[in-house]
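These notes concern the structure reproduced below.
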Amino acid sequence: MSASSFAEGKATIASEYSSEVRREPIEHQFNPYSDNGGTILGIAGKDFAVLAGDTRHTTGYSINSRYEPKVFDAGDGFLISANGFSADGNALVKRFQNQLKWYHFNHGKKMGIRSGARFIQHLLYGKRFFPYYVHTIIAGLDEEGKGAVFSFDPIGSYEREQCRAGGSAASLIMPFLDNQVNFKNQLDPESNGTKKKELRYLSLEEVLKLVKDSFSSATERHILVGDGLEIMIVTKEGVRTEYYPLKKD
Amino acid sequence: MSDPSSINGGSAVAMMGKDCVAIACDLRLGSQSLGLANNFEKIFNFGHVFLGLAGLATDVTTLSEIFRMKTNLYKMKEERLIEPESFANLVSSTLYERRFGPYFVSPIVAGINSKTDKPFICGFDLIGCIDYAKDFIVAGTSSDQLFGMCESLYEPNLEPEDLFETISQALLSATDRDALSGWGAVVYIITKDKVLFLIYFF
Amino acid sequence: MVGLSFDNYQRNQYLAAKGVGVPKATSTGTTIVGCKFNGGVIIAADTRATAGPIVADKNCEKLHRLSPTIWCAGAGTAADTEMVTQLISSNLELHSMSANRSPRVVTALTMLKQHLYKYQGHIGAYLIVAGIDPTGAHLFSIHAHGSTDVGFYQSLGSGSLAAMAVLESNWRDGLTKEEAIKLCSDAIEAGIWNDLGSGSNVDVCVMEIGKDAQLYRNYLTPNTRAQKSKSYKFPRGSTAILKEDIYKLVDVEEEVVNLDTMQVDA
């Protein structure tokens, strides 16, 4: 836009250097989003699934809370967490829980994990042009009783996966999961460099160890991660929660 | 992605073991998302000191030649090879000289002091602030991924053979999650009297 | 070539004009404090260095020696605090040799502020300068643009508000050395826990009149990492190798040459 298109008397931006004086209107804008940090992680096992998240809630360099849970048991064996801008995350989870209730009233049956995933896609895509600023992960058991993890981008593109990390330290944790859950880049040492290490389901104990070490490592190197780790575990017996402290610096 | 230090892509990592050090880098040279070459080494050695340079490729090449010159002059004046600790300070002052027009690189240094046999690693930011570490140093476009890998895989006092596995797995898994790194890798395992030089690729 | 080179400046301005950003230097989003006590002065700092939201160094040294009895805590751009401190330390030594007197804290302060003012804030060093000289114990702070402050207690860095809260509520006149150390380490700890830019350990430097300055590196270590739940050591042969070479790098042979018998061509 050329400067002459503005009438005289409009606001100008000037600095101490006269050559930098420009005739542009001063624009003020409301930024509807903020980043509340934190990280989440979901892993599917043979007959279980876990969804874990740290409990630190931040803005900028400040800690708002050292214990603000962000992984929720939505009912019907669904674990859900929407990490990023926490106001949007909470709104999404609440909307899902509310709609799940209506699903029960209308159909009188449990919602399957794949239906739940598809439904979340529609919740997210419904705000295609003013998105929920979140990375969403859900975990549960599928119709065969196998562990399932689904992860979504902010506008509803989703995929079923064996494991997925989301949030601010996702880039630190994800390659570790590739290496330790899907054994990427690992060979069978007996094969003399000819065979890949064989894939196998990890036990719940092994998965919990990986989750704890993932978060303690992310806490060491990422300033937005820490304070506490809340792990939710879903099996055919139901949902249970475990809490472990993380470093608070 | 218009950041100069992530135009060409590339990563490097160094680790400390028991009486040994390791330094590794990927081999990719690219232009934004386009891969150009799979033989662009980012590790250079000046005597028994190893320098890894991740960042803008033109600066990587320029700096490697500058340090070749400076270490050769050092060798002539001092009649001995430069030690890792001194080289670290040379890198630092060379980068800080360009404080207001920096080279877009993140260098890492690894080596064993030939007098004391003490292993040494360190890293720098683009204007020469030294990061002395006892465990590992990461650099490049996959530095976040490398931090996550190293922080979880690393343990102290690894033998050279075990250190090789740890640094290799860390680098490979990290670069696999970075579109701008990968396309092969080189690892150097440095012990008191020999250097193991290994290549492998995706 | 004397001083800093601006050779790449034009190139980078050109790059910037094409919409290319400048990468971030490691900054010490820091907590640093200083406090006077009966018979001396102490400074303290945390040990975290960050690059954006990532912790670049978990145990860096932010306490710098300007002279044996004058120390300085640095916040801001890590390279700048380190380099400006080394430069002034060196000039201070030369100055004290030519004046044949031990350096004064105000001299260090003046050299630092004049240097920083010259660079109009582009050298991003925020410093707390403290020390002992023949005129007594002193405590100052300097901002990147060159302004300086005097006070019985000071705090700087991203955690300065957390630290100042502690200093303001617990400081009093006539503290003993032990009380001052406790006050400063408490103030740093407030930064470590409540400011995300600060973390890990507490370093303290005590400068007492008539004594050598004492650096307590890692005076407190409240953030040691707990044992991991599992070892991630790989079995040997887990990684694919394409090619393997062995170099013997250090192999120097010496030979004694008799100069008398050596043939020298004209």
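Proteins get letters first, then strands, A, B, ... in listed order; numbering begins at 1 in each. What you see is a predicted model, and the numbers here were worked out from it, not measured in a lab.
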C/Asp80 and B/Arg99: CA distance, side-chain angles, deciding distance, side chain to side chain contact (heavy atoms under 4.5 Å, CB included) verdict: CA-CA 9 Å; C/Asp80 285 336; B/Arg99 170 63 180 82; 2.7 Å; yes

Stepwise ring-ring contact (aromatic ring centres under 6.0 Å, His included) test for B/Phe87 and B/Phe67: CA-CA 9 Å; B/Phe87 185 71; B/Phe67 288 126; 5.4 Å; yes

Stepwise side chain to side chain contact (heavy atoms under 4.5 Å, CB included) test for C/Asn201 and C/Asp46: CA-CA 5 Å; C/Asn201 312 128; C/Asp46 73 310; over 6 Å; no

Donor-acceptor list for residues 111-122 of chain C side chains, cut-off 3.5 Å, not counting sequence neighbours:
unit_1: C/Lys113; atom_1: NZ; unit_2: C/Thr148; atom_2: OG1; d: 3.1
unit_1: C/Gln120; atom_1: NE2; unit_2: C/Tyr117; atom_2: O; d: 3.2

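B/Asp26 and B/Lys42 are joined by a salt bridge, as a carboxylate oxygen and a charged side-chain nitrogen come within less than 4.0 angstrom of each other.
Of the atoms belonging to B/Glu159, it is side-chain heavy atoms, and not backbone ones, that fall under 4.5 Å from chain C. When heavy atoms are compared at a cutoff of 4.5 Å, B/Leu163 does not approach chain C at all. Residue B/Leu158 touches chain C through its side chain alone, counting heavy-atom pairs closer than 4.5 Å. For C/Ile246, the parts lying under 4.5 angstrom from a heavy atom of chain B are both the backbone and the side chain. With a 4.5 angstrom heavy-atom cutoff, B/Ser92 touches chain C via backbone and side-chain atoms both. Looking at C/Lys233, both its backbone and its side chain come within 4.5 Å of chain B, counting heavy atoms on both sides. Of the atoms belonging to C/Lys230, not a single heavy atom falls under 4.5 Å from chain B. Using a 4.5 Å cut-off between heavy atoms, C/Glu244 contacts chain B through both its backbone and its side chain.
Note: B/Tyr103 leads B/Tyr154, B/Tyr103, B/Phe124 in heavy-atom pairs under 4.5 Å with chain C. Options B/Asp144, B/Asp162, B/Leu95, B/Val138 differ in how many heavy-atom pairs under 4.5 Å they form with chain C, and the most are formed by B/Asp162. Comparing B/Tyr96, B/Phe147, B/Tyr188 by heavy-atom pairs within less than 4.5 Å of chain C, the highest count is held by B/Tyr96. Most heavy-atom pairs under 4.5 Å with chain B: of the set C/Ile123, C/Val55, C/Asp245, this distinction falls to C/Asp245.
Within a 6.0 Å radius of CD in C/Gln227, no more than 12 heavy atoms belonging to other residues, nucleotides or ligands are found. In this structure, C/Arg225 places its CZ atom where more than 12 heavy-atom neighbours from other residues, nucleotides or ligands lie under 6.0 Å away.
The six-membered or imidazole ring of B/Phe50 lies away from that of B/Phe44, with a centre-to-centre distance of 6.0 Å or more.
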